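Because the structure is predicted, anything quoted here is derived from the model rather than measured. If you read the sequence from its start, that first residue is 1, and numbering goes on from there.
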Amino acid sequence: MRDVDLSVVTFRPETDLLASLLGSLAEASGTLRLHLLVQDNSPEPEHVESIRAMPELATGAFASVDVRRSGENLGFGRGHNANARRGQSPWLLVINQDCIVEPGALERLVEAAAADDARVAAWEMRQIPYEHPKAYDPATLDSPWASGAATLFRRGAYDAVGGFDEAIFMYGEDVDLSWRLRARGWRVTYQPRCAVVHRTYREAGEVKPLQVFGGVQTNLCLRMRYGGPARIAQGITMLAAEILSPRSFPGRRRGLALAGLKAIARAPRFLLSRVAPTKDFRPQFTGWGYETRREGAFHEFRSRREHPDEPRPKVSILIRTVNRTAWLREALASCANQTWENLEVVVVEDGEPASRAVIDSFRGRLDIRYEATGASGGRSRAGNRALALATGEWMNFLDDDDLLFADHVEVLVGAALAAGAKGAYGLAWETKIVVHDRAAAEYEETMHATIHRQPFDRITLWHHNYLPIQAVLFHRSLYERHGGFAEDMDQLEDWNLWTRYTLEDDFVLVEKTTSKYRVPAETRGAAERQALLDAAYADALERQRKLRITSSPRDLSDMADAYVRSQALMMLTRQDVKRFVLGNRLLGPLAAWRKPVVEWLRRWRLIK
């Protein structure tokens with residue numbers, strides 16, 4: 001059995017919620033030796049006594065229990081560091097007092113950590129109902145940073161960097177720890193198949209003042225430690241703009257000003273402990289955040305503990321490939337990381353079985369079927385063979401050079417079932433890449449962009465394809481009714497397929513980024529790709545002319561109205577702009593300069 005230290009920092013905890021956390025942790029005691037460490041930061045002594053008296057601690061589920069009182073509010077990082085100093089296990093789970101671990105998640109988390117690369121220092125658990133929207137690598141699961149709400153640390157790595165920085169009271173200390181680990185050569189990962197329920201928001205989009213103030217203060221401090229003068233100046237400018245912007249909650253301006261002053265007071269500590277970027281680590285400041293974010297932050301996920309009997313139909317992921325083993329390996333890894341476990345993957349190779357070794361390496365992680373055609377028959381024929389081999393109730397194509405984020409299948413199945421639709425599609429990133437070694441799939445991502453966010457509309461789909469192939473999940477009955485790809489098409493075959501599948505059935509859009517497809521960043525490669533698509537466009541349109549739809553005049557009128565609305569542009573009048581400028585505390589003062597600037601430009605004949 002493996003020993004795991006469980007570090008919980010409490011502050012005036014809700015007894016029932018803490019009991020739920022302890023009970024959910026104790027469930028893993030059959031396979032793990034759990035050492036519970038609690039540091040109570042509550043100012044009142046009765047809280048630590050009530051924790052010690054909790055019946056969950058007397059069940060024998062924990063190999064050892066150590067509950068101590070701080071006597072003052074030490075803050076998040078200092079509290080966990082105090083726990084860590086008392087522990088000796090090779091694994092340290094840092095978890096919030098208001099989390100509840102999903103069944104089997106802790107066992108799976110420790111098992112994954114024990115089998116992982118020795119360079120991995122942290123394994124972050126997924127939070128539900130709202131998953132943090134930061135992007136991670138769908139294949140390797142590498143993440144820019146790990147949340148302190150629920151993360152397992154390798155003890156040696158945690159100790160090597162000194163744990164949390166105790167100068168950060170709360171908010172952002174997990175980013176700092178993650179970045180110090182990465183700067184020392186460690187990896188930080190996200191584990192989407194290991195979840196905790198963490199109801200940190202009472203409602204979607206909730207603004208929490210303490211989080212705003214603490215986040216701003218820490219962001220400024222981290223700019224001093226990890227960024228140069230430009231990043232520090234950018235942060236100060238952002239703070240000034242925030243203070244001048246309209247007040248969104250009482251005390252906002254005062255709280256922001258105090259956050260800025262506290263950051264300045266701590267400047268010497270952070271400036272004198274600067275951390276330089278490395279080949280594998282480069283800090284990212286995105287506004288007040290520290291990462292590229294996927295859209296759909298408040299898409300709600302349901303707990304399996306709370307909804308154990310929800311239907312979980314089988315899904316088939318269909319991959320067409322042709323001797324691109326390194327790319328295929330990444331695509332398969334993104335399938336193996338899916339949170340939807342009733343999953344099969346069907347791989348059809350258009351030609352000789354060059355990918356068999358890659359397929360075999362995933363047999364312990366995936367329910368996988370593989371077939372090589374022997375002779376090349378084209379992408380569409382390979383896709384049709386995959387459709388014929390699939391046994392799932394739902395299907396999803398994945399090109400061998402595209403990737404699915406781990407929640408892709410879960411999000412789309414849930415949306416389709418909730419809407420009673422035969423198909424669902426999510427937002428997808430068009431990811432520009434510079435390829436350094438095509439055979440080894442060594443590349444650099446230079447930009448992510450959401451090109452399509454079109455709500456389902458038939459007329460728009462008849463005009464152009466807004467459904468990237470990997471973004472769409474569809475019911476197998478559509479294949480049984482309409483067939484597969486047109487095998488004489490080698491480009492835009494998916495557009496033709498979606499047009500036929502939606503002649504009578506609607507699809508539903510989920511505004512959450514769940515996949516990404518890669519395109520060349522170089523001008524020449526992009527032009528060649530576009531030329532192939534342009535050449536196939538006329539043929540695809542001609543095929544659509546042969547399709548027929550039975551509909552009423554009312555339905556056609558509704559479709560036309562929906563098309564017009566989807567294509568409409570928002571028009572702004574001069575008066576709209578004037579109201580915006582004069583009503584904004586930051587832009588308003590600039591309006592006073594309008595007349596003299598215009599007169600100067602006219603005098604020099606730069607404008608009429």
Side-chain angles (χ1 to χ4, degrees), residues 4-30 32-87 89 91-107 109-110 124-130 147-153 164 169-171 173-174 194-202 206 208 210-211 303-306:
V4 181
D5 288 338
L6 309 175
S7 176
V8 183
V9 175
T10 56
F11 181 80
R12 294 172 176 166
E14 295 181 30
T15 304
D16 290 345
L17 193 53
L18 183 58
S20 296
L21 166 63
L22 298 178
S24 69
L25 289 169
E27 290 174 357
S29 61
L32 302 172
R33 255 191 311 269
L34 305 175
H35 304 274
L36 181 64
L37 303 158
V38 179
Q39 188 77 25
D40 183 52
N41 282 347
S42 307
E44 303 86 359
E46 59 266 23
H47 290 287
V48 72
E49 296 305 324
S50 66
I51 294 172
R52 287 171 176 157
M54 294 182 76
E56 287 76 14
L57 303 186
T59 61
F62 299 104
S64 63
V65 175
D66 185 352
V67 180
R68 300 193 185 184
R69 179 171 178 257
S70 306
E72 60 175 317
N73 190 355
L74 300 179
F76 182 91
R78 285 182 66 191
H80 282 295
N81 285 351
N83 281 339
R85 284 191 291 270
R86 303 200 304 274
S89 300
W91 310 105
L92 173 68
L93 179 71
V94 168
I95 190 164
N96 274 20
Q97 66 179 23
D98 55 350
C99 287
I100 303 173
V101 181
E102 287 281 85
L106 182 55
E107 298 95 321
L109 181 70
V110 176
E124 178 190 358
M125 301 183 78
R126 181 192 194 197
Q127 297 178 52
I128 54 177
Y130 303 129
S147 168
T151 292
L152 183 72
F153 289 95
F164 290 103
F169 184 78
M170 193 165 62
Y171 299 118
E173 65 285 297
D174 44 10
C194 306
V196 296
V197 177
H198 186 206
R199 302 191 186 281
T200 183
Y201 293 97
R202 288 172 294 184
E206 179 189 4
K208 296 187 285 187
L210 289 179
Q211 186 178 43
S303 164
R304 292 191 181 185
R305 182 184 296 278
E306 298 171 4

Can you tell if the side chain of Leu36 reaches within under 4.5 Å of the side chain of Val38, non-hydrogen atoms only?
-> yes
All heavy atoms of Leu106 vs all of Ala28, minimum pair found to be CD2-CB, 3.9 Å
Requested in this report: Might you work through the side chain to side chain contact (heavy atoms under 4.5 Å, CB included) test for Phe169 and Asn73, ending with a clear yes or no?
Outcome: CA-CA 9 Å; Phe169 184 78; Asn73 190 355; 3.5 Å; yes
Note: Pro43 and Arg69 closest approach over all heavy atoms is O-NH2, 2.6 Å
Rounded to the nearest 0.5 Å, the CE atom of Met54 sits from the CG atom of Leu22 at a distance of 5.0 Å
Under a 4.5 Å cut-off applied to non-hydrogen side-chain atoms, are Leu57 and Val67 in contact?
yes
When rounded to the nearest 0.5 Å, the distance separating CD1 of Ile51 from CG of Asp40 is 4.0 Å
### Query
Any side-chain heavy-atom pair from His80 and Glu173 closer than 4.5 angstrom?
no
Worked verdict on Thr200 versus Lys208 for side chain to side chain contact (heavy atoms under 4.5 Å, CB included) = CA-CA 10 Å; Thr200 183; Lys208 296 187 285 187; 2.7 Å; yes
Given the options Leu32, Leu93, Ile100, Leu25 meets side chain to side chain contact (heavy atoms under 4.5 Å, CB included) only with Leu93
- Query: Is any side-chain heavy atom of Thr10 less than 4.5 Å from a side-chain heavy atom of His47?
  - Reply: no
Separation between CD (Glu49) and OG (Ser42), nearest 0.5 Å, reads 12.0 Å
CD (Gln39) and CG (Asn41) are apart, to the nearest 0.5 Å, by 6.0 Å
Margin query: Within the supplied structure, the quantity of interest is the number of heavy atoms (other residues, nucleotides, ligands) at a distance under 6.0 Å from Glu306 CD; does it exceed 12?
Written below: yes
Within a strict 4.5 Å, meaning less than it, do heavy atoms of the Asn83 and Asp5 side chains meet?
no
Correct closest heavy-atom pair for Arg52 and Arg68 would be NH2-CA, 3.9 Å
Donor-acceptor side-chain pairing of Ser147 and Gln127 below 3.5 angstrom: yes
Exactly one candidate in His198, Glu102, Arg199, Arg304 meets side chain to side chain contact (heavy atoms under 4.5 Å, CB included) with Ile128; the answer is Glu102
For Ala150 and Val196 the tightest heavy-atom approach is CB-CG2, 3.9 Å
To the nearest 0.5 Å, atom OG1 of Thr151 lies from atom CG of Asn96 at 9.5 Å
Between Cys99 and Met125, is any pair of side-chain heavy atoms under 4.5 Å apart? no
Is Leu152 close to Val4 at the side-chain level, that is, under 4.5 Å between some pair of heavy atoms?
yes
Looking only at heavy atoms, the pair that brings Gly79 and Val9 closest together is C-CG2, 3.4 Å
Problem set entry | Side-chain touch Phe76/Val94, heavy atoms, less than 4.5 angstrom | yes
Value for CZ (Phe11) from CG (Leu74), rounded to nearest 0.5 Å, stands at 11.0 Å
Sidechain-backbone polar pair: Asn81 side chain, Phe164 backbone, donor-acceptor under 3.5 Å: yes
**Prompt:** Donor-acceptor pair, Thr59 side chain versus Glu56 backbone, under 3.5 Å?
**Reply:** yes
Between Ala26 and Ser29 the two heavy atoms that sit nearest each other are O-OG, 2.8 Å
